[in-house]
Protein chains: 4
Amino acid sequence: MTEKKTNIPMDPEKVSRIMATSLTEFAHRGYRGAKTEDIAQKAVVSKGIIFRYYKNKAHLYMATLKFATDRIESVADYSVWHDAQDLDAMIVNATKYKIQLQLQYPEEFKLLLDAYAEASDAPSALKHEIAEFYNNQTSANMANMIDPILNRLPIRNNVSRKTIQGLMLGVLDQVGAETKTLMQKKPDADLTDFDDIIENVRGYIDVLEHGFLKKE
Amino acid sequence: MTEKKTNIPMDPEKVSRIMATSLTEFAHRGYRGAKTEDIAQKAVVSKGIIFRYYKNKAHLYMATLKFATDRIESVADYSVWHDAQDLDAMIVNATKYKIQLQLQYPEEFKLLLDAYAEASDAPSALKHEIAEFYNNQTSANMANMIDPILNRLPIRNNVSRKTIQGLMLGVLDQVGAETKTLMQKKPDADLTDFDDIIENVRGYIDVLEHGFLKKE
Amino acid sequence: MTEKKTNIPMDPEKVSRIMATSLTEFAHRGYRGAKTEDIAQKAVVSKGIIFRYYKNKAHLYMATLKFATDRIESVADYSVWHDAQDLDAMIVNATKYKIQLQLQYPEEFKLLLDAYAEASDAPSALKHEIAEFYNNQTSANMANMIDPILNRLPIRNNVSRKTIQGLMLGVLDQVGAETKTLMQKKPDADLTDFDDIIENVRGYIDVLEHGFLKKE
Amino acid sequence: MTEKKTNIPMDPEKVSRIMATSLTEFAHRGYRGAKTEDIAQKAVVSKGIIFRYYKNKAHLYMATLKFATDRIESVADYSVWHDAQDLDAMIVNATKYKIQLQLQYPEEFKLLLDAYAEASDAPSALKHEIAEFYNNQTSANMANMIDPILNRLPIRNNVSRKTIQGLMLGVLDQVGAETKTLMQKKPDADLTDFDDIIENVRGYIDVLEHGFLKKE
DNA sequence: CATGAATGAGCTTTCATTCAT
DNA sequence: AATGAATGAAAGCTCATTCAT
């Protein structure tokens, strides 16, 4: 299992061009649709160097996946969650943040979303990476984010934490869907175009709060 | 744009075998991963006939997409929505129904979900089909489904129909996610395995109703 | 170990052209020096068909090896050995025969001689074939050939069968070397050009007979 | 034809490492199977220097061939032939010597034996070297070796020098074959393992002497 | 001079598509 | 009309050779 670390020295500029190009190509064409020749050409490197650096196409794909998760991770600012004082503020921040991420890293999102399907046969090392990406948008993760806020709020009897977490995820899913739809209609949208979505979110939260908070 | 309708006579049995096989192959391997040779072999038809019937692989893929949407549409029983007397009954029915659909037609779902990504470069004629599939799980469609019920309910002021629709979609998205997760853990699950999910849904609806109904 | 017999139907004419070309190319350029593209072109078949018929280059090579051994085997006429009444006749016949074989199947000989070196890493199934080819020019085989004749002759005491067999093999080796040398000097030689060699052989046998027969 | 002798200064230590490694690699993998990368790595020199010293792979191969012949030539001790007082002593010495050479320089032998096949398309300058190696085991060479001894012996009428030379070569060929077989069965054999072969040789010579010497 | 990273021509192999039977 | 053997463009990958450092 211990891969021979052949320790090929890599030119960081080339690596970065290759990764950026691979990201785009894999995201838009899928694993099989992306051609190494094209990637090399668009990255302004030789075909040979790709195989020198990454051994083969599968490894290049995995490296690209890792690159995408790292990029998203590197900008993931969880303070938007923790610092919020109330639910409305938190969700609005989170929504803005999620939209911003999806706007800023659309290819990373596409790549990772597809990866789940593509990587069905492929290496287990990567599956961990991909699963991690998915888990960040999952119940367990959500719990950590909103529990501190829920602790400060008077929850109505008969409403479990899990239910609230589920609803929150549902709201975020819905935000994701609405964002995706808007981006398709208006591919070069910026943050201000998403004000309507944020307004929708406010409505969702208002209903939810009425739903699970104790009526004084 | 006007496709030459050469009107090739097709043996319905072969068509049906080809479609069933294509569905499976495309769903599991993706557009480029599926091989025409394999499809022909597994469908017990000659490779030639596939090209005679469908002109080329892209058209076969599109036909398969259409086949998948048709199959799902053909069993879509909207009475589960219309006949429900209250929100709880409606959503529980809808949830059961959606789970059942996902269980019964996992390949169709997989194919159509991936199609969104795969078909990025491909023909516009198909995009319509795919978009339709997605729209069925979208605000406009949801409106038709739940409006009759909402009409009978006393909605709290300041809560718009659109908000409720969005929340409902969010709940259904969340159900979809929970179903997917469960199916991955337990690939051969049956309906009874999904009781927990349905219980979750009851919790969601309880909160939502408290959230948007007038307190008497 | 049981290879899936995919049972590809093969056009005998194409097979025969491919084999003939492969034989020439592999014999003259070695395994790595021979190019599938060239083989296809010279055999007037498509590159694809070679891979259809033989799966890959390694299998093509093995098939060619088998083809070469079969061809030589198919014309191997052991009666030249058995029918001879005396040693001189036998060796002269055998020499003529060996020369003829080497003249008629120079590429087969070259291929098989090199195969021993080339096939060092390769499949065990083939090793058997190649080993067989080599064994035909070996002590064990020689024993069967000349023992019937030796039985009729008065062997001098102190001379073992094994010694005589070894000497016979030495003579045949020497004939092979002389033939090879002559063929290099005169690539388009025919049988009559080899009369000198046969004359040499007569000299060898005369000495040997004087050496191991009882003096009456 | 006049090669530009650019007279590149060469580090003798590097040359020696390159030659030793090339010998091994070319002998074991053949011309095309040997990789310049591997040779450089195993010789602990840069790939660049190989091309600086030898221009290209073909020249490196030729240099290696020359290196191998020189090594064998440099230890070739013809006194084993000249000093022998009788035929038996001479052949036994020669046999021991040949075995020792084959044992001590197996890679040189393998390289040169294969070279004959490999170098079919290649440069004529080398052909001379290779031919020389082969000629050393040839009639002309043999003549020089054994004529002094034959001069002292009473040869039977009707037996030509050439015949005896041929038979001697045959015996040596046979020794070579027996040695090869034994080395394959027992790769780490030493000289004592070859006693049987030497015993066989004694038998061969006994027969030959009886065959070509005058009966007093 | 020496190095070894980079190049890209050239090789093996795959597979959608054609077309003789 | 149906078949599936044949095709060859296109893809992944290798490695002798070059050349900036």
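Note on naming: letters A, B, ... go to the chains in the order of the sequence lines (proteins, then strands), and numbering restarts at 1 for each one.
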- line: Under a 4.0 Å heavy-atom cutoff, the residues of residues 42-54 of chain A touching DNA chain E are Ser46(A), Lys47(A), Gly48(A), Ile49(A), Arg52(A), Tyr53(A)
field: Distance-minimising heavy-atom pair for Ile39(D) and Ala34(D)
entry: CD1-CB, 4.4 Å
Value in whole Å for how far the C1' atom of dA11(F) lies from CG of Leu60(A): 14 Å
- request: Could you check if a side-chain atom of Leu23(B) sits within less than 4.5 angstrom of a side-chain atom of Arg71(B), using non-hydrogen atoms only?
  value: yes
Sole residue of Thr64(D), Thr69(D), Asp70(D) in side-chain hydrogen bond (donor to acceptor under 3.5 Å, both in side chains) with Lys66(D): Asp70(D)
- prompt: Could you state the CD1-C1' distance from Ile39(B) to dG4(F), rounded to the nearest angstrom?
  reply: 16 Å
Under the salt bridge (charged side-chain N to carboxylate O under 4.0 Å, His left out) test, residues paired with Lys110(B) that sit two or more places apart: Asp114(B)
message: Taking any atom closer than 4.0 angstrom to a non-hydrogen atom of chain A, what span of DNA chain E does the protein reach, first nucleotide to last?
response: dG4(E) to dG10(E)
query: Within the structure shown, what part of the strands sits under 4.0 Å from Ala34(C) by heavy-atom distance: base, sugar-phosphate, or nothing?
result: sugar-phosphate
- request: Return each pair, listed once, that meets side-chain hydrogen bond (donor to acceptor under 3.5 Å, both in side chains) where at least one residue sits in residues 44-55 of chain D; pairs must be two or more places apart or across chains.
  value: Glu37(D)-Lys47(D)
message: In whole Å, I'd like the distance from the CD atom of Gln41(B) to the C1' atom of dG4(F).
response: 11 Å
Protein-nucleotide distance (Asp38(C), atom CG; dG8(F), atom C1'), rounded to Å: 16 Å
query: Given atom CZ of Arg29(A) and atom P of dA11(F), what is their separation to the nearest angstrom?
result: 11 Å
task: For DNA chain E, just give me the dot-bracket, please: Watson-Crick or G-U, both distances below 3.5 Å, ( ) intra-strand, [ ] crossing earlier pairs, | paired with another strand, . unpaired.
output: .||||||||||||||||||||
message: Test of understanding: with salt bridge (charged side-chain N to carboxylate O under 4.0 Å, His left out), list the residues that count as partners of Glu107(C), not counting sequence neighbours.
response: none
message: I need the CD-P distance between Glu25(A) and dG12(F), as an integer number of Å.
response: 11 Å
Atom pair CG/OH of Leu60(A) and Tyr31(A) - distance to nearest 0.5 Å: 8.0 Å
- prompt: Toward the 5' end of DNA chain F, which comes first, Asp11(B) or Met10(C), by nearest nucleotide?
  reply: Asp11(B)
- request: Please identify each residue that fulfils salt bridge (charged side-chain N to carboxylate O under 4.0 Å, His left out) with Lys35(A), with sequence neighbours left out.
  value: none
query: Rounded to the nearest 0.5 Å, how far apart are OH of Tyr105(C) and CG of Leu112(C)?
result: 12.5 Å
- prompt: Excluding sequence neighbours, so at least two apart, what forms side-chain hydrogen bond (donor to acceptor under 3.5 Å, both in side chains) with Asn56(B)?
  reply: His59(B)
query: Toward the 5' end of DNA chain E, which comes first, Ala58(C) or Glu37(B), by nearest nucleotide?
result: Ala58(C)
task: Give, ordered by number, those residues of residues 14-24 of chain C having at least one heavy-atom distance below 4.0 Å to an atom of DNA chain E; if nothing qualifies, reply none.
output: none
Pairs under 3.5 angstrom only: tabulate donor-acceptor contacts from the side chains of residues 14-22 of chain D to other protein residues two or more places apart or in another chain.
{"from": "Arg17(D)", "atom 1": "NE", "to": "Ala43(D)", "atom 2": "O", "distance (Å)": "2.7"}
{"from": "Arg17(D)", "atom 1": "NH2", "to": "Val44(D)", "atom 2": "O", "distance (Å)": "3.2"}
{"from": "Thr21(D)", "atom 1": "OG1", "to": "Arg17(D)", "atom 2": "O", "distance (Å)": "2.7"}
{"from": "Ser22(D)", "atom 1": "OG", "to": "Ile18(D)", "atom 2": "O", "distance (Å)": "3.0"}

message: Before you tell me yes or no, could you show the steps for Phe26(B) and Leu65(B) under side chain to side chain contact (heavy atoms under 4.5 Å, CB included), namely the whole-Å CA-CA distance, both residues' side-chain angles and the distance that decides it to 0.1 Å?
response: CA-CA 9 Å; Phe26(B) 282 132; Leu65(B) 242 37; over 6 Å; no
Student check: side-chain heavy atoms of Phe51(A) and Thr36(A) closer than 4.5 Å: yes
